[in-house]
Amino acid sequence: MGVGDQQLDFVELAKKFHEDGYLAIEGFCSNDELDILMTESHRLIERMNPDEHVTTFVTGENQKANEYFMNSSDKIRYFFEEDAVGSDGSLLKNKHTALNKIGHALHWFSPEYKKFTFSKEIQDVARDIVGFKKPVVVQSMIIFKPPNIGAKVEPHQDLTYLYTNPPKLTGFWLALEDATLENGCMWFVPGSHKDGIKARYRRTPDKDSLKMAYDGAQPSPNEDEWVSAPVPKGSLVLIDGAVVHKSEKNLSDKSRQIYTFHVAESENTKWDELNWLQPTAELSFPELFR
């Protein structure tokens, strides 16, 4: 990987990550490696019949929970932007520019994304920067942020949706294209991961339910607390599960495609049975250090 050409100071990077709650490592992937992943994204869309997958996805208080979404932890499923689907359920745009995301088991069922997810370079980062002992990969997504319609992601903490006790979750976020202020780069509130989890998104009334509900209010930082994090393609961004982050709507004519996956600690840590995402008989959460 591109990171192989760098001499990373894991001690200093770990210090910054744990202080701020996020960390950007530029040049983590080479252009050739990015081309392979982008080609795989294209292949996944090419083989998809939109008539079988016209489900939209939004974040925040309006997030929808249905069978297609709730039972996607062991599958590759497709979710469209709300602005790309008409009132009759038909697509208003070409399928390549209509998707919000593909998820949630790319790390296992897509050969190229699996290779990246379980690479030695990722393992080194998980061990030496994040400090994982026995990490497992719980979900993965390609998020497209298509031109002009890529939806805003409201301020949130990932542990709201993917809770562990004690809290130990990190997002690995790879920029497949440049992420800029214009096309919807990430924004963070540095240090906010030290302030606890503000809300939970739980199955209700019990673990067998497909109904979800929020418990608590999503964080709402002041405008002056936000720091933008534009990064060039090939950058890896680490996101502590408790840090508050967001992204704005893509109003530009350029997409902002990324690949992200979440890693949870399994040593002396319990995955919450009320999370929407659950391991299945077909796919348990695979260990990262394989």
Side-chain angles (χ1 to χ4, degrees), residues 1-34 36-37 106-108 110 112-141 157-159 162-176 179 185-186 188-197 227 229-245 258-271 284-290:
M1 290 192 178
V3 73
D5 300 328
Q6 307 179 51
Q7 293 297 319
L8 297 182
D9 186 336
F10 285 116
V11 173
E12 284 301 312
L13 291 175
K15 180 180 178 182
K16 183 169 179 54
F17 171 66
H18 291 293
E19 179 179 315
D20 293 342
Y22 70 98
L23 175 72
I25 305 172
E26 295 188 8
F28 192 84
C29 275
S30 68
N31 287 338
D32 288 345
E33 290 162 334
L34 294 175
I36 291 171
L37 296 176
L106 293 156
H107 60 280
W108 200 251
S110 164
E112 298 301 341
Y113 281 107
K114 181 177 184 180
K115 180 180 178 181
F116 171 78
T117 303
F118 293 93
S119 65
K120 180 183 182 302
E121 290 81 1
I122 289 292
Q123 292 174 349
D124 289 344
V125 168
R127 181 185 298 107
D128 298 331
I129 296 180
V130 182
F132 279 119
K133 303 300 183 184
K134 191 178 179 183
V136 293
V137 182
V138 300
Q139 72 158 1
S140 52
M141 301 175 284
Q157 299 165 294
D158 290 345
L159 276 159
L162 306 171
Y163 191 75
T164 66
N165 186 20
K168 184 64 175 178
L169 178 86
T170 298
F172 289 66
W173 190 98
L174 175 68
L176 299 173
C185 70
M186 298 279 278
F188 294 93
V189 178
S192 56
H193 62 303
K194 302 173 185 177
D195 298 331
I197 310 305
V227 174
V231 293
K233 66 179 183 179
S235 300
L236 179 70
V237 183
L238 300 177
I239 305 170
D240 186 285
V243 76
V244 179
H245 58 291
I258 66 98
Y259 171 63
T260 185
F261 59 95
H262 285 92
V263 176
E265 182 60 76
S266 67
E267 183 174 283
N268 300 319
T269 305
K270 183 180 180 182
W271 183 258
S284 60
F285 295 155
E287 293 186 10
L288 180 60
F289 301 158
R290 300 168 63 239

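We use all heavy atoms of the structure for the numbers below, so side chains are in, but hydrogens, waters and symmetry mates are not.
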Please round to the nearest 0.5 Å and tell me the distance separating atom [atom1] of [X] and atom [atom2] of [Y].
X: Lys16; Y: Tyr22; atom1: NZ; atom2: OH; value: 6.0 Å
X: Thr117; Y: Arg290; atom1: OG1; atom2: CZ; value: 10.0 Å
X: Glu121; Y: Leu236; atom1: CD; atom2: CG; value: 11.0 Å
X: Lys233; Y: Cys29; atom1: NZ; atom2: SG; value: 11.5 Å
X: Leu176; Y: Ile36; atom1: CG; atom2: CD1; value: 12.0 Å

Which of these, Leu23, Asp158, Thr170, sits in a side-chain contact (heavy atoms from CB on, under 4.5 Å) with Ile239?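 Filter result, single survivor: Asp158.
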With Leu13, the side-chain contact (heavy atoms from CB on, under 4.5 Å) member among Val125, Leu238, Leu8: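 Answer to the side-chain contact (heavy atoms from CB on, under 4.5 Å) test with Leu13 among Val125, Leu238, Leu8: Leu8.
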Please examine the side chains of [Y] and [X], heavy atoms only from C-beta on, and report whether any two atoms are closer than 4.5 Å.
X: Leu288; Y: Ile122; value: yes
X: Trp271; Y: Asn165; value: no
X: Met186; Y: Phe188; value: yes
X: Ile197; Y: Tyr163; value: yes
X: Lys168; Y: Val130; value: yes
X: Asp124; Y: Phe10; value: yes
X: Leu169; Y: Val263; value: no

With respect to Tyr259, which candidate in Phe28, Phe172, Trp173, Tyr113 satisfies the ring-ring contact (aromatic ring centres under 6.0 Å, His included) definition?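 Of the listed options, the one satisfying the test is Tyr113.
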Cation-pi check, Arg127 to Phe132: give yes when NZ or CZ is under 6.0 Å from the six-membered ring centre and within 45° of the ring axis, no otherwise. no
Can you sort out the partners of His193 under side chain to side chain contact (heavy atoms under 4.5 Å, CB included), two or more places apart, ordered by chain and number?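 Asp240, Ala242, Val243.
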Suppose we screen for side chain to side chain contact (heavy atoms under 4.5 Å, CB included). Which residues come up paired with Lys270, at least two apart in sequence or across chains?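 Checked Lys270 against side chain to side chain contact (heavy atoms under 4.5 Å, CB included); zero matches.
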Check: [X] side chain, [Y] main-chain N or O, donor-acceptor pair, under 3.5 Å:
X: His107; Y: Thr260; result: no
X: Glu265; Y: Glu267; result: yes
X: Glu12; Y: Asp9; result: no
X: Ser266; Y: Val136; result: no
X: Ser140; Y: Leu106; result: yes

Determine, stepwise, if the pair Leu159 / Thr164 fulfils side chain to side chain contact (heavy atoms under 4.5 Å, CB included). CA-CA 7 Å; Leu159 276 159; Thr164 66; 4.2 Å; yes
Test log, rule side chain to side chain contact (heavy atoms under 4.5 Å, CB included), inputs His18 and Ile129: CA-CA 9 Å; His18 291 293; Ile129 296 180; 5.8 Å; no
Just wondering, more than 12 heavy atoms not from Lys194 lying within 6.0 Å of its NZ? yes
Please step through side chain to side chain contact (heavy atoms under 4.5 Å, CB included) for the pair Phe285 and Trp108, ending with a clear verdict. CA-CA 10 Å; Phe285 295 155; Trp108 200 251; over 6 Å; no
Do you know the tightest heavy-atom contact between Pro232 and Ala175? O-CB, 3.9 Å
Which heavy-atom pair separates Asn268 from Pro166 by the least distance, and what is that distance?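 Scanning both residues, the minimum pair turns out to be O-CD, 3.5 Å.
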